[in-house]
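Right, one structure below, let's go through it.
Residue numbering restarts at 1 for every chain, and letters A, B, ... go by the order of the sequence lines.
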Protein chains: 2
Amino acid sequence: MGLTKTEHFSTAQNTLAVKLKALGHPARVAIIEYLMEVNTCICGDIVNELPLSQPTISQHLKELKNAGLIKGSIEGNAICYCINDETIRELHQYFQNMSATLSGKQDTCC
Amino acid sequence: MGLTKTEHFSTAQNTLAVKLKALGHPARVAIIEYLMEVNTCICGDIVNELPLSQPTISQHLKELKNAGLIKGSIEGNAICYCINDETIRELHQYFQNMSATLSGKQDTCC
DNA sequence: TTTATATATTGCAATATTACGATATACTTC
DNA sequence: GAAGTATATCGTAATATTGCAATATATAAA
């Protein structure tokens with residue numbers, strides 16, 4: 001098959017999975033980390049920063065954008081990309097809740 | 001191709017990507033959320049909780065285990081699965097750092 | 001020891017992902 | 001308008017993922 005049965009899961013589960021999947025590739029982690037490192041949105045040189053071809057990076061950027069992890073806006077000749085704070089904070093919140101829940105538990109585990 | 005060029009990225013980036021990729025599927029999100037919901041490790045009934053076949057779930061569990069997100073231990077006839085707190089906390093930390101860094105920035109974005 | 005129960009593995013078909021060369025698009029500058 | 005620069009899209013090959021039926025394995029119970 002190869003076809004994820006999204007219809008069996010909640011919207012929340014599906015949209016979360018899309019975001020995490022987008023970060024589930026080292027090149028895309030690297031892109032996000034680069035965008036964090038430079039202190040503003042970056043126009044242009046992402047391609048020069050990574051050891052992948054221009055079409056491949058363009059594809060990864062598209063996926064990050066679709067998942068809502070980055071935003072892009074046309075800036076003359078180039079395109080400006082920056083991190084979408086809101087999505088990062090959502091993910092932070094999600095794992096924070098999990099951590100908190102886990103801390104509150106007995107250690108009755110295996 | 002279809003072959004991720006892991007060698008071009010740092011170990012940290014690669015291992016993080018593996019963990020996030022493991023959560024990048026709604027079924028695996030659902031499994032983790034179920035393990036959170038029940039207040040202890042669960043022996044057995046994960047298969048009954050999800051609308052997927054037993055082999056498929058077994059495969060997803062394997063992937064979660066490989067990524068270090070869950071732990072499993074044999075408990076007589078069944079197998080006990082529970083969340084690996086440490087990994088969750090790692091992810092929490094990662095996104096917390098990102099959130100913090102983003103908060104400290106000027107809003108000089110696009 | 002046979003039978004039942006729980007989970008893993010194998011094998012396979014359908015689909016998705018990754019990567020890149022070639023090419024298209026779009027804006028800038030000359 | 002022509003040439004240059006930056007990014008996107010198309011097409012395609014290689015590999016990975018998803019899902020399940022069939023089967024294997026392993027323990028428990030009878």
Side-chain angles (χ1 to χ4, degrees), chain A residues 1-9 13-14 17-31 34-35 41-67 69-82 110, chain B residues 1-9 13-14 17-31 34-35 41-67 69-82 110:
Chain A
M1 304 224 161
L3 194 147
T4 297
K5 294 195 157 181
T6 54
E7 70 277 11
H8 291 326
F9 304 101
Q13 287 168 338
N14 277 305
V18 166
K19 286 164 193 164
L20 294 173
K21 188 177 180 184
L23 284 174
H25 189 290
R28 294 192 291 265
V29 168
I31 289 172
Y34 178 62
L35 287 177
C41 60
I42 209 71
C43 309
D45 64 355
I46 293 182
V47 171
N48 304 319
E49 280 299 316
L50 293 178
L52 293 170
S53 74
Q54 181 269 320
T56 302
I57 289 175
S58 183
Q59 205 173 269
H60 283 309
L61 287 169
K62 190 180 177 184
E63 224 168 316
L64 286 169
K65 202 175 170 189
N66 283 343
L69 283 157
I70 62 174
K71 292 181 280 190
S73 62
I74 299 169
E75 197 72 34
N77 203 4
I79 291 192
C80 264
Y81 281 110
C82 62
C110 344
Chain B
M1 304 220 162
L3 194 149
T4 296
K5 295 196 158 180
T6 54
E7 72 276 12
H8 290 327
F9 304 100
Q13 287 168 340
N14 277 304
V18 166
K19 286 165 194 164
L20 294 174
K21 189 178 179 183
L23 284 174
H25 189 289
R28 295 194 290 266
V29 168
I31 289 172
Y34 179 62
L35 287 176
C41 59
I42 210 68
C43 309
D45 64 355
I46 294 182
V47 172
N48 304 319
E49 279 298 316
L50 293 178
L52 293 170
S53 74
Q54 181 269 319
T56 302
I57 288 174
S58 183
Q59 203 174 272
H60 283 309
L61 287 168
K62 191 180 177 183
E63 224 169 313
L64 285 169
K65 202 175 170 186
N66 283 342
L69 283 157
I70 62 174
K71 293 182 282 191
S73 61
I74 298 169
E75 196 71 36
N77 202 3
I79 291 190
C80 264
Y81 282 112
C82 63
C110 346

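- Computed from coordinates, the B/Leu52 CG to D/dT18 P distance equals 11 Å when rounded to whole Å.
- Within the 4.5 Å cutoff, the side chain of A/Val29 has no heavy atoms near those of the B/Asn14 side chain.
- Two residues are said to be in side-chain contact when any heavy atoms from C-beta on lie closer than 4.5 Å; B/Pro26 and A/Thr4 meet this criterion.
- Listed nucleotides C/dT18, D/dT17, D/dA8 differ in distance to B/Lys21; the shortest reach to its side chain belongs to D/dT17.
- Taking the side chain of A/His25 as heavy atoms from C-beta on, and the options D/dA8, C/dA19, D/dT18, the nearest nucleotide is C/dA19.
- One can place CG of B/Leu50 at 14 Å from P of D/dT18, the figure rounded to the nearest angstrom.
- Between A/Phe9 and B/His25, the angle of the ring planes goes over 60°, which puts this pair in the perpendicular group of the 30/60° scheme.
- Taking for each of B/Lys65 and A/Gly24 the nucleotide of DNA chain C with the nearest heavy atom, the 5'-most of the two is the partner of B/Lys65.
- No side-chain heavy atom of A/Lys62 sits under 4.5 Å from any side-chain heavy atom of A/His60.
- Counting to the nearest Å, the C1' atom of D/dA16 and the CG atom of B/Leu3 are 9 Å from each other.
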Report task. Applying side chain to side chain contact (heavy atoms under 4.5 Å, CB included), run through B/Lys21 and A/Lys21 and close with a yes or a no. Result -> CA-CA 5 Å; B/Lys21 189 178 179 183; A/Lys21 188 177 180 184; 5.8 Å; no

So which protein nitrogen or oxygen atoms get under 3.5 Å of nucleotides 23-30 of chain D's nitrogens or oxygens?
{"from": "D/dT27", "atom 1": "O2", "to": "B/Asn77", "atom 2": "OD1", "distance (Å)": "3.2"}

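- The residue from A/Leu52, A/Ile57, A/Leu61 that alone fulfils the side-chain contact (heavy atoms from CB on, under 4.5 Å) condition with A/Val47 is A/Ile57.
- Contact annotation: the side chain of A/Thr56 never approaches that of A/Leu50 to less than 4.5 Å [non-hydrogen atoms, C-beta and beyond].
- Comparing D/dT7, D/dT18, C/dA19 by their nearest atom to the side chain of B/Thr4 picks out C/dA19.
- Following rounding to the nearest Å, A/His8 (NE2) and D/dT18 (P) show an atom-to-atom distance of 15 Å.
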Query raised in the report: Which is it for B/Lys65 and B/Lys71 under the side chain to side chain contact (heavy atoms under 4.5 Å, CB included) test, yes or no, and what are the steps along the way?
Result: CA-CA 6 Å; B/Lys65 202 175 170 186; B/Lys71 293 182 282 191; over 6 Å; no

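- Less than 4.0 Å separates DNA chain D from at least one heavy atom of each of the following residues of residues 55-64 of chain A: A/Pro55, A/Ser58, A/Lys62.
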Report task. Report the C-alpha distance between B/Ile46 and B/Leu35 in whole Å, list the side-chain angles of each, state the deciding distance to 0.1 Å, and finish with yes or no for side chain to side chain contact (heavy atoms under 4.5 Å, CB included). Result -> CA-CA 9 Å; B/Ile46 294 182; B/Leu35 287 176; 4.2 Å; yes

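- Under 4.0 angstrom from either OP1 or OP2 of C/dA8 there lies at least one side-chain N or O belonging to B/Tyr81.
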